[in-house]
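Data block below; observations after.
Just so you know, these numbers use all the heavy atoms, side chains as well, and skip hydrogens, waters and symmetry mates. Since the structure is predicted, the reported quantities are computational estimates derived from the model, not experimental observations.
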Amino acid sequence: QVELVESGGGVAQAGDSLVLSCAASGRTLSSYVVGWFRQAPGKEREFVGAITTLGGGRDYADSVKGRFTISRDNAKNLVFLRMNSLKPEDTAVYYCAARVNYFDVRVGYRYNYWGQGTQVTVSS
């Protein structure tokens with residue numbers, strides 16, 4: 001069992017940067033692929049990005065590619081989502097999730113563990 005807790009959300013201006021953290025407890029996060037998803041009001045949850053267990057591979061949604069970066073510190077059981085050049089359309093609740101393998105990494109239901117989410121609001 002892995003428990004995930006996101007932090008770092010808040011209110012930002014367009015063009016600003018934020019860094020979200022995903023902290024794990026219960027088991028070592030290094031055994032898991034970690035993905036980030038987001039859900040805006042009235043919209044379906046969408047894939048943001050994912051990182052492999054050792055951090056050697058990453059995948060990003062087209063909407064955030066070049067602006068968002070995922071990294072991880074397995075020694076500290078942490079995964080980060082750095083968000084640069086924020087846009088109002090990035091406003092959403094952001095969730096981190098963990099799973100064992102990288103197959104269909106963009107598909108939310110394949111993740112076994114989810115955090116409670118952290119709100120990011122970007123004003124224009």
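How far NZ of K87 is from OG of S63: 8.5 Å, rounded to the nearest 0.5 Å. Between the CZ atom in R38 and the SG atom in C96 there is a gap of 15.5 Å [rounded to 0.5 Å]. Summarising the geometry, atom OG belonging to S21 is positioned 13.5 Å from atom CZ belonging to R72; distances are rounded to the nearest 0.5 Å. Between atom OG of residue S7 and atom CZ of residue F80 there is a gap of 9.0 Å, rounded to the nearest 0.5 Å. Interatomic distance, D104 CG to Y111 OH, rounded to the nearest 0.5 Å: 9.5 Å. Atom-to-atom distance recorded for C22:SG and Y113:OH is 13.5 Å, nearest 0.5 angstrom.
For the residue pair V120 and M83, the shortest heavy atom distance occurs at CG2-CE, 3.9 Å. The shortest heavy-atom contact between Q116 and Y95 is O-CE2, 3.4 Å. R27 approaches N77 most closely through the heavy-atom pair O-ND2, 3.5 Å. When all heavy atoms of S85 and S17 are compared, the pair lying nearest together is N-OG, 4.3 Å. Counting all heavy atoms, side chain and backbone alike, L86 lies closest to A12 at CD1-CB, 4.0 Å. A pairwise comparison of heavy atoms in R58 and Y60 identifies CD-OH, 3.2 Å as the closest pair.
Annotation: side chain of Q39 is not in contact with side chain of Y94 (no heavy-atom distance under 4.5 Å). In this structure, R110 and V105 have side chains that are not in contact, with every pair of non-hydrogen atoms separated by 4.5 Å or more. Residues V79 and L29 are in side-chain contact: their nearest non-hydrogen atoms beyond the backbone lie under 4.5 Å apart. The closest side-chain heavy-atom distance from T91 to Q119 is below 4.5 Å. Annotation: side chain of L81 is not in contact with side chain of V19 (no heavy-atom distance under 4.5 Å). A heavy-atom distance below 4.5 Å is found between the side chains of V33 and T53.
Using a cut-off of 4.0 Å between Lys/Arg side-chain N and Asp/Glu carboxylate O, D62 and K65 are scored as salt-bridged.
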Query raised in the report: Which is it for T118 and L20 under the side chain to side chain contact (heavy atoms under 4.5 Å, CB included) test, yes or no, and what are the steps along the way?
Result: CA-CA 8 Å; T118 185; L20 304 184; 4.1 Å; yes

**Report entry** side chain to side chain contact (heavy atoms under 4.5 Å, CB included) between F68 and D90, intermediate numbers included
**Finding:** CA-CA 11 Å; F68 290 11; D90 294 320; 3.9 Å; yes

Query raised in the report: Hey, mind stepping through E89 and S124 against side chain to side chain contact (heavy atoms under 4.5 Å, CB included) and telling me if it holds?
Result: CA-CA 10 Å; E89 51 263 45; S124 57; over 6 Å; no

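Linking ILVMFWY residues whenever their side-chain heavy atoms come closer than 4.5 Å, directly or via other members, leaves V107 and V48 in distinct clusters.
Ring geometry for F37 versus W114: interplanar angle of 30 to 60°, hence tilted.
Remark: R106 is not positioned above the aromatic ring of F47, lacking an NZ or CZ atom under 6.0 angstrom from the ring centre and at most 45 degrees off the axis.
Shown here is E3, whose CD atom has no more than 12 heavy atoms of other residues, nucleotides or ligands within 6.0 Å.
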